[in-house]
Structure formats: C-alpha cells, structure tokens
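To start, the structure itself, in structure tokens.
Residue numbers begin at 1 in each chain, while the letters A, B, ... track the order of the sequences.
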There are 2 protein chains.
Amino acid sequence: MENKYQNSAKVFKAFCDENRLILLEMLQTGEKCACDLLENINIGQSTLSHHMKILCESGIVKSRRDGKWTYYSFSETGVDYAKQLLDALTISSKKNMNRKCCE
Amino acid sequence: MENKYQNSAKVFKAFCDENRLILLEMLQTGEKCACDLLENINIGQSTLSHHMKILCESGIVKSRRDGKWTYYSFSETGVDYAKQLLDALTISSKKNMNRKCCE
DNA sequence: GCAACATATCGAATAAAATAGATGTGTGGT
DNA sequence: ACCACACATCTATTTTATTCGATATGTTGC
C-alpha cells in the first residue's frame, strides 16, 4: 500500500511538468479529446497518452470514452482535493516559533 | 529566462517528493533548523541541504541564518502564491463543453 | 470480417532528479 | 590563529521520469 506522502506527491506530480501544465491550460476551456490536445502541443502521441495517464492518476483530470474518442476534463472533486491537500500541507501553527535550535 | 510553465512547475516541485513532504510537515509546528530536521528524517546531510534548496527555490520555504544555524520556515507569501497558482491552473470555464471532437 | 482510425501500452534511449561521500565555506569559541 | 561545528557545494552514482517508435487494443464503417 501507498503511504500518505506518496499519495500526496502523486497529486502534485500533475503540476510539476511543463507539458502537463500546457495540457491543463488547454482543459480550462472545457473538455477536449486526445486528438485536439495533440494538435496543440509539440509532443508525440504516446507521450501525450503517458501524460494524460499521470494527470488522471493524480485525480485532477478525468477521462470519458465516447466511441473512438477519449475526452479529458478537470475532475472537480480531484481539484478540490488537491486544494484541500495544499491547505493541509502548508498550515503552520505558530507554537514553537523562535525556539533555539537543538534544545 | 524561464517561462511561466517552468516557473509554475518549480513551485509544485516542492510537493512532489516524499521526503520534501515529510520536511514540510515538520515545518508545520514552526521554524526548524537543519539539524532538527536532519534528526527526524532518514536522509544524509547533503541530501537534506539539497531538498531545502529546492523548497526555498519554490518559494514555499524561507531560510534565515542565525550564527551557525540556518532556520527554515514556511514563507506565507510563497504559500499564498502557490494557492493562487493552483486556483489559476484549475479554473475551468464551462464554454465549449459537450462539443464534438475534432470539429 | 476487414480496413481505418484513436488511443493505450511496451521497450528502449535519453534526460533529470535523488542520494551519498568528500570537500568547501562561514561562524563561534578558545 | 586555530579548531570544531553547521551547513552548502561538488562529484559521482543510482533511481526515476520523459520521450519516441513500434505494436497492441478497441471502435466505427463498410
């Protein structure tokens, strides 16, 4: 089983590759099929498929098959989860501040 | 110069490594010096230093030197920026939805 | 069933990131 | 000035990620 750190890391992997950010930006104007995405980014088809898989596994994107096409769009629940996670990871209680080191 | 995608990717690199998430969690209880962090994570000193550099470069963490010690803590402005960025990256206008592929 | 198409998966090459040990740099104490 | 300590940087190695070409899978139309 995956630990919580690995799981959280996976969510943010969606946002730490340049091509995936370009793909996410394309999805901002709504659902797109792989062929649409491929037309607007300078990577090969198998590379696109690989990135879409990572985006789906992060939970940020969901896919839907319709005939021969696969449509991708943001998963609202995945996006909300990522935002909650970011909040949780960056909460800092102010106790123990200004404490000397190694004491 | 760095493009906006590379810059955004750099911010989220802070959150996509297991050890960095462990380090961020330690910072939640307040500022810590490198030696405190090192005591509570199973990595070498040079590796810790490497990760702290990435966290600082992402803007999420700031460092402060006091005598021989370097203290690390969350940068509130960096955290806020990351949250804004996540919002911006995941905004989806609903226009163009339900449009057929390749048309 | 077969051909054409859309996408996924596989396998291999390359690139990038993580890690550790050795060494360098700056600080404090004597 | 010297030594000890805290941390950063350098170098090499290992691990992981990205990429592409080839092939496999699943769908549609004939």
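- End-to-end axis angle for the helix from dG1(C)-dC30(D) to dT30(C)-dA1(D), using five pairs per end and rounding to 10°, comes out at 30°.
- Using a 4.0 Å heavy-atom criterion, one finds that Thr70(A) contacts the sugar-phosphate atoms exclusively.
- With sequence neighbours left out, the side chain to side chain contact (heavy atoms under 4.5 Å, CB included) criterion links Ser46(B) to no other residue.
- At a threshold of 4.5 Å between non-hydrogen side-chain atoms, the residues Cys56(B) and Val61(B) count as touching.
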(request) Would you check, one step at a time, whether the test side-chain contact (heavy atoms from CB on, under 4.5 Å) holds for Lys13(B) with Ser58(B)? (result) CA-CA 7 Å; Lys13(B) 287 234 165 78; Ser58(B) 76; 5.9 Å; no
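- Rounding to whole angstrom units, CZ of residue Phe12(A) and P of dA17(D) are separated by 17 Å.
- Per the geometry, CD1 belonging to Ile41(B) stands 12 Å off P belonging to dA18(C), to the nearest Å.
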(request) Determine, for nucleotides 18-30 of chain D in 5'-to-3' order, which nucleotides have protein heavy atoms under 4.0 Å from the base (write B), from only the sugar-phosphate (write S), or from neither (write -). (result) SBBBB----SS--
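- The CG atom of Leu48(B) sits 13 Å away from the C1' atom of dA18(C) (whole-angstrom rounding).
- Contacts classified as ring-ring contact (aromatic ring centres under 6.0 Å, His included) and involving residues 13-62 of chain A (residues at least two apart or in different chains) are given here: Phe15(A)-Phe12(B).
- Heavy-atom neighbours of Lys83(A) NZ from other residues, nucleotides or ligands within 6.0 Å: above the threshold of 12.
- Between Trp69(B) atom CH2 and dG26(C) atom P there is a gap of 19 Å when expressed in whole angstrom units.
- Between Tyr72(A) and the phosphate of dA6(C), there is no side-chain N or O to OP1/OP2 separation shorter than 4.0 Å.
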(message) Set out, in order, the CA-CA distance, both residues' side-chain angles and the distance that settles salt bridge (charged side-chain N to carboxylate O under 4.0 Å, His left out) for Arg64(B) and Glu31(B), then state yes or no.
(response) CA-CA 10 Å; Arg64(B) 170 176 79 82; Glu31(B) 194 181 50; 2.8 Å; yes
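- If you measure from atom CG of Leu37(A) to atom P of dA8(C), you get 10 Å, rounded to the nearest angstrom.
- Here the closest heavy-atom approach between residue Ser93(B) and residue Thr29(A) is recorded as OG-CA, 3.8 Å.
- Atom CE in Met52(A) sits about 18 Å away from atom P in dA17(D), given to the nearest Å.
- dA6(C) atom C1' lies 18 Å from atom NZ of Lys32(A), rounded to whole Å.
- With sequence neighbours excluded, no residue forms a salt bridge (charged side-chain N to carboxylate O under 4.0 Å, His left out) with Lys62(A).
- If you take OH of Tyr71(B) and P of dC7(D), they are 9 Å apart, rounded to a whole angstrom.
- For residues 14-26 of chain B, the set of pairs meeting the salt bridge (Lys or Arg N to Asp or Glu O under 4.0 Å) definition, not counting sequence neighbours, comprises Lys4(A)-Glu25(B).
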